Amino acid sequence: MKPAKRTNLASSDSGVPASDDRDDDVELADRIYRDSSRDWPATAATAILAPEPGDADLPLAGSKADKPAAAKAKEAMDWVDLVRVVGCTLVIYGHTITHLTLVHPLPALKGAELVMFSISTALPFCGVPLFFMLSGYLLLPRPQPPVADYYQRRIPRILLPMVVWSLAYYFWDIYFYDNSFSLAELGNKVLTSYLSDHLWFLYVMFYLYLVTPLLSLVVQHGEKSILMLVVGLWFISDPINASFFGNAAELKFQLQGFRGTWIGFYLLGGLSSFYPRFGNKRIGALSIFFLLSLLLLSYTNYIYAYFHNDPPRWDWRFVIQFGAPVTLMSTPLFYMVRHLGQSSWYTSKPSLLRFMKTLADHTYGMYLLHMMVQDVTAYFSISENMYRDTTTWVSVPLFTFVLMLGSFAITYVLKRLPYVGALVG
């Protein structure tokens, strides 16, 4: 039995982990954390991100401590693996929700299941911002090589997987969905990222890599207050810009990379390097802000689904046109996950760190492959039976686990094959 045509979540809720070299991460950590004497901005606009008085007493990597500098630098970057795993989980969880809506229409959900569904359709939108902020954190504060050398190193790393996986999904869909082959269609889809909706991220990263040398100069040599102003202007203008491009983005997915939505999160990641660690009180305040933003987006997403669609259905255009709540939700979450990854509870567990590193090293391939695994489960009616025979409280987390496990296993094998390994991270 051929599965129903694959339907993905919007561009806003899917993402791919950063695939930067681990050694580069450690090198950057050593530089950032050795420079712990930066002057914090004193303006009211930046007060919410300024460290608390007690933050200065927190042990920072590279400070005078009993651990070697190299070990401290590596420990300081353990949280990067955690961000990648959390982001990848949110992405796959979001695509699981998409399957749920195909089997259980919104009107069929009542009570607690409806509440869970509303929250579940909002939370995955943090996946992409987490990855863009992480990439900005790792790349923008770093002194870049000459532009020609930078492009020679970075562009092939994103361009080759972009082309290969686009072709792979094109021929995959010919088999699974009985599509006919058309050379003109193939060329058009390769240029517009429509071979598979979740590949849009590679196109946006290609664009961000092109402008990284310029943005890196802004982060490294610009005043923090100026950078805060730029990010603030982006936050204010993006919903207006998104509304203008909303319909165009629905037709031409790749426009979102140039629209400015993702470049703002990229800059936010670079800005976060100025604030390497927060105290518990600050994280507590950010956690409350995150929960309020999540509830706001959940409610408005639910209202939009019911009043703008007949029959009621979840609609990704809402988040594209009104993206401010996603920013308000994703930014605190980034700092919350980073704080957890920096905590002594997390860093004192070697087995947990090894497990997270193993997962993080495979998240790039898991993202690229999980839609194929989803197609296979649909082909054998695994997902449909799972949804019909269990409640959403069970089926959504369970199917998310199935997709992650299947895509991890395939990625694990592919990474160890000659030449192919480079295509999965």
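Keep in mind the model is a prediction, meaning the values are calculated, not measured.
Figure legend: cation-pi geometry between Arg416 and Tyr412, with NZ or CZ positioned under 6.0 Å from the six-membered ring centre and within 45° of its axis.
Counting only distance, with no hydrogens or angles, the side chain of Tyr209 and the backbone of Tyr150 share no donor-acceptor pair below 3.5 Å. Judged purely by atom type and a 3.5 angstrom limit, Trp79 has no side-chain atom pairing as donor or acceptor with the backbone of Thr347. With hydrogens and angles ignored, the 3.5 Å screen pairs a side-chain donor or acceptor of Ser407 with a backbone N or O of Met404.
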**Prompt:** Does the pair Tyr137 and Arg338 meet the rule for a side chain to side chain contact (heavy atoms under 4.5 Å, CB included), with working shown?
**Reply:** CA-CA 11 Å; Tyr137 179 93; Arg338 188 183 71 173; 4.1 Å; yes
**Prompt:** Could you walk me through whether Tyr170 and Ser166 pass the side chain to side chain contact (heavy atoms under 4.5 Å, CB included) check?
**Reply:** CA-CA 6 Å; Tyr170 181 76; Ser166 294; over 6 Å; no
**Message:** Working note: Leu227 + Leu267, criterion side chain to side chain contact (heavy atoms under 4.5 Å, CB included); need CA distance, chi angles, decisive distance, verdict.
**Reply:** CA-CA 8 Å; Leu227 187 57; Leu267 284 173; 4.3 Å; yes
**Derivation of the side chain to side chain contact (heavy atoms under 4.5 Å, CB included) call for Leu123 and Leu297** = CA-CA 9 Å; Leu123 186 59; Leu297 185 60; over 6 Å; no
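Side-chain contact between Val91 and Met366: absent, with no pair of heavy atoms (C-beta onward) separated by less than 4.5 Å. The shortest distance between side-chain heavy atoms of Gln144 and Leu217 does not fall below 4.5 Å. Between Leu140 and Ser273, the closest side-chain pair of non-hydrogen atoms is not below 4.5 Å. Side-chain contact between Met162 and Leu199 is absent, with no heavy-atom pair separated by less than 4.5 Å. The shortest distance between side-chain heavy atoms of Ser330 and Phe290 does not fall below 4.5 Å. For the pair Leu202 and Ile158, the minimum side-chain heavy-atom distance is below 4.5 Å. At least one side-chain heavy atom of Leu210 sits under 4.5 Å from a side-chain heavy atom of Tyr151. At a threshold of 4.5 Å between non-hydrogen side-chain atoms, the residues Leu423 and Leu414 do not count as touching.
Here the straight-line distance linking atom CZ of Phe334 with atom SG of Cys126 works out to 12.5 Å at 0.5 Å rounding. Taken to the nearest 0.5 Å, the OH atom of Tyr169 stands 10.5 Å off from the CZ atom of Phe176. For the atom pair OG of Ser272 and CG of Leu134, the computed distance is 8.5 Å after rounding to the nearest 0.5 Å. Considering CG of Leu294 and CG of Leu328, their distance stands at 12.0 Å, rounded to 0.5 Å. Interatomic distance, CG of Leu160 versus CD1 of Ile155, reported as 12.5 Å (0.5 Å rounding). Within the model, atoms CG of Asp78 and CG of Leu353 stand 4.5 Å from one another, a figure rounded to the nearest 0.5 Å.
Listed by chain and residue number, Gln220 satisfy the side-chain hydrogen bond (donor to acceptor under 3.5 Å, both in side chains) test with Ser216 (two or more places apart in sequence, or in another chain).
Annotation for Tyr364 and Pro161: closest pair OH-CB, 3.6 Å, computed over non-hydrogen atoms. When every heavy atom of Asp149 is checked against every heavy atom of Pro145, the shortest pair comes out as CB-CB, 4.2 Å. Phe265 and Met133 get closest at one heavy-atom pair: O-CG, 3.3 Å. The two residues Tyr335 and Ile283 come nearest to each other via the heavy atoms O-CD1, 3.7 Å. Taking all atoms of both residues into account, the shortest heavy-atom contact from Gly270 to Phe274 is O-CD1, 4.0 Å. Across all non-hydrogen atoms, the minimal contact from Val83 to Leu130 is CG1-O, 4.1 Å.
When Thr96, Leu90, Leu405 are each tested for a side chain to side chain contact (heavy atoms under 4.5 Å, CB included) with Thr400, only one passes: Thr96.
Heavy atoms of other residues, nucleotides or ligands lying less than 6.0 angstrom from CZ of Phe171 number more than 12.
Taking the centre of each ring, Phe132 and Phe201 come in below the 6.0 Å mark. Ring centers of Phe278 and His339: at least 6.0 Å apart, outside the cut-off.
By the 4.0 Å N-to-carboxylate-O rule, Lys357 lies close enough to Asp361 to be salt-bridged with it.
For the residue pair Tyr266 / Thr212, a side-chain donor-acceptor distance below 3.5 Å is found, with atom types taken as modelled.
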